[in-house]
Number of protein chains: 2
Amino acid sequence: MATIKDVAKRAGVSPSTVSRALSGKVPVDQETRERVMEAVRALNYKPNILAKGLKEGRTNTIGLIVPNISNPVFPAVARGVEDVAREHGFTVILCNTDEDIEAEKDYVEKLQKRWVDGFIFATARKESHHILQLKEKGFPVVLVVRHMGQAVDAVVIDNYKSSFEAVKYLIDTGHRKICIVNGDTSLTLYKERFEGYKHALQAAGLPITPELVLDAAGRGDTGYETVRAMLEKGMLPDAVFATSDPRAIRVIRAIKDCGLSVPDDVSVVGFDDLDISAFLDPPLTTVCQPLYEMGARAARRLIDIINGEKYGQPKVELVEAKLVIRKSVKVREH
Amino acid sequence: MATIKDVAKRAGVSPSTVSRALSGKVPVDQETRERVMEAVRALNYKPNILAKGLKEGRTNTIGLIVPNISNPVFPAVARGVEDVAREHGFTVILCNTDEDIEAEKDYVEKLQKRWVDGFIFATARKESHHILQLKEKGFPVVLVVRHMGQAVDAVVIDNYKSSFEAVKYLIDTGHRKICIVNGDTSLTLYKERFEGYKHALQAAGLPITPELVLDAAGRGDTGYETVRAMLEKGMLPDAVFATSDPRAIRVIRAIKDCGLSVPDDVSVVGFDDLDISAFLDPPLTTVCQPLYEMGARAARRLIDIINGEKYGQPKVELVEAKLVIRKSVKVREH
DNA sequence: CTGAAAGCGCTTACAG
DNA sequence: CTGAAAGCGCTTACAG
């Protein structure tokens, strides 16, 4: 491949001049510039970005680390990150960890060796020491979707409040036996969604029934089996709050497979509002997170930090989620 | 950040020795090695990968370009690519183009400047000249899911055959008015799926009815509206072959919204076999592509090419897809 | 086994 | 406006 020297030779100038002509930031004689451009075209010259990055100490690239790319939540966030990054001349490297913290550490290990100028993590957990370390080293880091208290900049929704409101909606529409099918509560986000559920019930004077608190965490998502087992034991809630849409899809299938109807027998509320959620049967009532917006904001914040502005006190930005009402909840009279 | 010089100074050796101790490929005195490692730990030294890549002329990284990360087909392929890459010490950079050829060219432009050692494209179209150019330059390139004739190495399924068999299954189960809801036929893959449909009907002596050939290409997927419009015009097929699962989900919704039942009134067959397809209502009969396997094979092929083996005649590998029978097709008597 | 030197391909302060 | 030189942080042939 052609190097800057080849171009210089062909254009009859020095490499420095080629570099300057290409940068566009420094005055170069018009005629010289044209000769350089001509040579660049003729040789199909592409500057070696490794050399450039080595010299300049930055690569205009950000690493986006997501836990599971098959969960449509993360592609939506990624879109927001990419669009903003691109506007600012940054490229994003998307890394999928499959919830495997070792895979994640491998990525971080490799990328922090000057590949990327900063990271956005959608994978934060309590045990994510590597994220804290990065931050302590002064490496630009922003979290999205999942956060770690106030220690690191983050863009998240108010999971507690959204969950509270979703459950309150079920109560207001006449439901009394509300089951929650939740994710991994070692993630703050699911813990907060559970708290929202609990407090909404308490606020309405309803009891927390342990048999109605279901755990569908883990790989392969166990929402189907868990709900089916509950139903077959004769425990019949009048509503289920599934804390993600993929879980809601499995919950609905389980209810139907037990010969019951959604929403006539059991109402269901989801969380996410995926692309396909409006097309399910019944169209799903669910909490819509502004995922694209969250990605976009996280990217903006990170780029500010990379550009050396305000890396002072970490800020946790809260964005609004809202309940989208479709047809999976029935109003019940008592 | 610490550099190799800092480590050398602290360990009382030359930078060359540090480099050699770290590489592990060259004999280094045991005691010297330990002093180096000690210094590496103490300074938390990470070699600058840009400098390394510049010197060595490779980065052990591959670029994976996908058209739409929100379509679950591509995450599945990406998994296969990542797992194999990782086994071989490669990192993968995942780039989402959103079907925007300009975005794609931007990525390729940036990554080919020595960021990556090779590319896997899941975005190939007839107009993808940039892919051909890359290949002509000698840049390692492999295609997956979508291919470009015999010009470039590729791993794909036999779309014609899979489609033929899906439609034949509908015919064998007693369907006579079979509608196809297809994607963008400027993609070879959808053209081939259409050919399979056509020939299966012809082989059974059934006519091709233009009103039953529906186009649901384009952004936001128009499967819902198109099918609904057909049904409202009074055109009632006894089966629909949707050439992707996301399309099948919209088709089913449209049929139900017209007061009809799946599969009692209309059978539906999809294509993809997504994670959630088994949980839909009804559980979807669909063509299962071995997506993970395809990604894995593409990665293996690319890494072979990068390692300088056999970049001779391009090979198009065909992998087997198979129909997964669930409950969205009803056997009809005549 | 180890060090000094050269060089990967750029950019940029320093002279002119 | 332009060139020669130095240097970014590594690796590796060349000596010893």
Side-chain angles (χ1 to χ4, degrees), chain A residues 1-40 43-61 89 109-117 137, chain B residues 1-40 43-61 89 109-117 137:
Chain A
M1 250 170 87
T3 71
I4 200 169
K5 279 192 195 166
D6 301 321
V7 176
K9 191 171 301 173
R10 187 176 229 270
V13 297
S14 74
S16 333
T17 301
V18 174
S19 176
R20 284 189 280 249
L22 252 23
S23 84
K25 294 178 205 155
V26 176
V28 171
D29 182 84
Q30 185 55 29
E31 199 251 334
T32 311
R33 178 188 306 272
E34 276 159 21
R35 281 219 313 287
V36 169
M37 290 314 183
E38 166 58 27
V40 165
L43 298 171
N44 191 226
Y45 168 69
K46 316 268 182 207
N48 181 319
I49 210 164
L50 301 176
K52 189 166 194 286
L54 177 58
K55 187 64 188 148
E56 297 186 333
R58 72 135 97 186
T59 57
N60 286 304
T61 306
E109 184 67 22
K110 180 153 184 183
L111 295 182
Q112 72 172 296
K113 295 171 177 180
R114 310 284 111 196
W115 268 87
V116 300
D117 301 334
K137 265 194 216 172
Chain B
M1 248 169 89
T3 72
I4 199 169
K5 280 192 196 165
D6 301 321
V7 176
K9 190 171 301 173
R10 188 176 229 270
V13 297
S14 74
S16 334
T17 300
V18 174
S19 176
R20 283 190 281 251
L22 252 24
S23 84
K25 296 178 202 155
V26 175
V28 171
D29 182 84
Q30 184 56 30
E31 198 252 333
T32 312
R33 179 189 306 273
E34 275 161 20
R35 281 219 314 285
V36 170
M37 291 312 184
E38 165 58 28
V40 165
L43 298 171
N44 191 226
Y45 168 67
K46 316 267 181 209
N48 180 320
I49 210 165
L50 301 176
K52 189 166 193 284
L54 177 58
K55 187 66 189 145
E56 297 187 333
R58 72 135 96 187
T59 57
N60 286 304
T61 306
E109 185 67 22
K110 180 151 182 184
L111 295 183
Q112 71 171 296
K113 296 172 176 180
R114 311 282 109 197
W115 268 87
V116 299
D117 300 333
K137 262 193 216 171

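Lettering follows sequence order; numbering is per chain, from 1.
In terms of heavy atoms, B:V7 sits closest to B:V18 at CG1-CG1, 3.9 Å. Considering all non-hydrogen atoms of both residues, B:N60 and B:D117 come closest at N-OD2, 2.6 Å.
Under the salt bridge (Lys or Arg N to Asp or Glu O under 4.0 Å) criterion, no residue pair touches residues 15-29 of chain B, with sequence neighbours excluded.
Across all strands shown, B:V26 has no heavy atoms under 4.0 Å from either base or sugar-phosphate atoms.
Phosphate proximity of C:dT2 to B:T32: present, with a side-chain N or O under 4.0 Å from OP1 or OP2.
Taking atom P on both C:dA13 and C:dG9, the two are 23 Å apart, rounded to the nearest angstrom. D:dA6 and D:dT2: their P atoms are spaced 23 Å apart (whole Å). When the C1' atom is compared between C:dG16 and C:dT12, the two are found 16 Å apart, to the nearest whole Å.
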Next item on the list: For nucleotides 8-14 of chain C, just jot down a letter per nucleotide in 5' to 3' order: B, S or -, based on protein non-hydrogen atoms under 4.0 Å.
Entry: BBBBBB-

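Residues meeting the side chain to side chain contact (heavy atoms under 4.5 Å, CB included) test with B:I49, sequence neighbours left out: A:K110, A:K113, A:W115. Residues meeting the side chain to side chain contact (heavy atoms under 4.5 Å, CB included) test with A:K55, sequence neighbours left out: none. With sequence neighbours left out, A:K137 forms a side chain to side chain contact (heavy atoms under 4.5 Å, CB included) with A:Q112, B:N44, B:K46.
The distance from atom CZ of B:R58 to atom NZ of B:K52, rounded to the nearest 0.5 Å, is 9.5 Å. Here B:S16 contributes atom OG and B:I4 contributes atom CD1; the two are 8.0 Å apart, rounded to the nearest 0.5 Å.
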Check: In dot-bracket form, how is DNA chain C paired, counting a Watson-Crick or G-U wobble pair only if both its distances are under 3.5 Å and using | for bases paired to another strand?
Finding: |||.||||||||.|||

